[in-house]
There are 2 protein chains.
Amino acid sequence: MDAVVEQIRALIADAGLKVGDNLPTERELCTQFNASRNTVREAMRIVKAYGLVDVRPKVGATITDNRLSRAFELFSFNTMEVSRKTFSDVQAFRDLLEVGSADRLLDRLTDRDIEDLYGINNRLAEISDIQEASEVDYDFHTRLISILGNDAIMDVYKVMKPVVLRIMQKGKTRRSYKTETYSEHAGVIDALAARDRLAFQYRLRSHLMIGFRNFSEEMEAVGLTKASA
Amino acid sequence: MDAVVEQIRALIADAGLKVGDNLPTERELCTQFNASRNTVREAMRIVKAYGLVDVRPKVGATITDNRLSRAFELFSFNTMEVSRKTFSDVQAFRDLLEVGSADRLLDRLTDRDIEDLYGINNRLAEISDIQEASEVDYDFHTRLISILGNDAIMDVYKVMKPVVLRIMQKGKTRRSYKTETYSEHAGVIDALAARDRLAFQYRLRSHLMIGFRNFSEEMEAVGLTKASA
DNA sequence: CACCCTATTTGTTGGACCAGAATCCCTAGT
DNA sequence: ACTAGGGATTCTGGTCCAACAAATAGGGTG
């Protein structure tokens, strides 16, 4: 089996396959490697897990390079012992990612982005569940990051999702997301639409700080220095 | 199938299995998940590829934690060069992390940090191997990041290490790290020591750009202009 | 041009057998 | 009677096979 994995790797290397090219079909690989389809499939799953190929029905295995994504995903399996320091580190990280990338963000910003952001934010008005509201909040920030077009940053943001969601949920227990979170987001988008970098950074940073401050007080009040897995 | 992977992960988490414990046998998991053995096996290969379990004949799947080493293995595969988009995304990410955090960096900077950075950089002078020089280069930037005291950022930087090393190696093939890399680093540290934020940002950004530009030319020379999907 | 149909390919199932490691049990020696 | 050794048994992952389900790309038809 490991031999088949090695053969697939060798095939990719020897054939000089580039991103976008396709591997032979599973059944072809069976005859080529003198192995059963199950064995070839198991090997292919490994190669896929390594982020080297993307396999779709009817189309086969296409060469990709998602290795960095996989590497980050490995950390999402983390035991997730969410300490207070983890929260504060993640929040500082978010500030760096979202506020710090303002220049490039404005460079790449399109009208479509602004529409989408308004659309996502409007979903907040029709929600009555904190859990769901946090998801929307997360979607908003993810969509913001996506403007950068940087897969590495997106992957990292996705990995942090569980922690970010917890921060958001805690932050929303003490205030109304329908008014405060909504208007804060709207202010951020308005600044974007006006291409006002300073306003964007100020409002976004304030938004991040407010949520986290509420969350911090919450933690101290309940005495939660550690959370679940 | 992906569902089975998720079920296995959930099983590990919910049962509170620790390293050294064993999962149920494949056949047991079949009945438990209502899936065929082949499907369970494919899922198990993925979990194994993620470094979460170590599976041996007759003994079953034992919980382990090889995730970090797996993350590095992803890139030690010589089957494929890291894609250009991955490189450029990572480099942009580094710029954001290192240059963008200048404010907080200067806030937390201590004399000890500066000493350490000079010390690391001085190691460059006694090195004749590009591989080793890249390690020192990486150590320098890691030490810089460490000033932030942010574990989340440090973890991300560590995961990117293989890619960053490749960028550095490529960048060093065309110039002398003993003179150029060394003096660029020294300039960055000097700016830090003088608490000159603008100089720090300018020099660090230039340093990052130079390495990447050299690398880009290298790739184009070989004809690798294609990006990932 | 839009719609549908078919052939191809991956996804999943159930079964079978093999090799080897762990375990149990029987035997022989003390 | 007790223990150590060795062999038989059993259990488990590893591989293979044949068939069907589901998805979909690509062609054919109106």
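What you see is a predicted model; the values in this text were computed from it and never measured. To find a chain, count down the sequence lines: A is the first, B the second, and so on, and within it residues start at 1.
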Salt bridge present between Arg123(A) and Asp139(A) (N-O < 4.0 angstrom):
yes
Suppose we screen for side chain to side chain contact (heavy atoms under 4.5 Å, CB included). Which residues come up paired with Ala92(A), at least two apart in sequence or across chains?
Asn150(B)
One character per nucleotide, please: for nucleotides 12-20 of chain D, 5' to 3', B when the base has a protein heavy atom closer than 4.0 Å, S when only the sugar-phosphate does, - otherwise.
SBBBBB-B-
Can you list the residues that meet the salt bridge (charged side-chain N to carboxylate O under 4.0 Å, His left out) rule with Lys48(B), with sequence neighbours excluded?
none
State the CD-OG distance between Gln169(A) and Ser134(A), to the nearest 0.5 angstrom.
4.5 Å
Among side-chain atoms of Ser88(A) and Gln91(A), is any donor-acceptor pair under 3.5 angstrom?
no
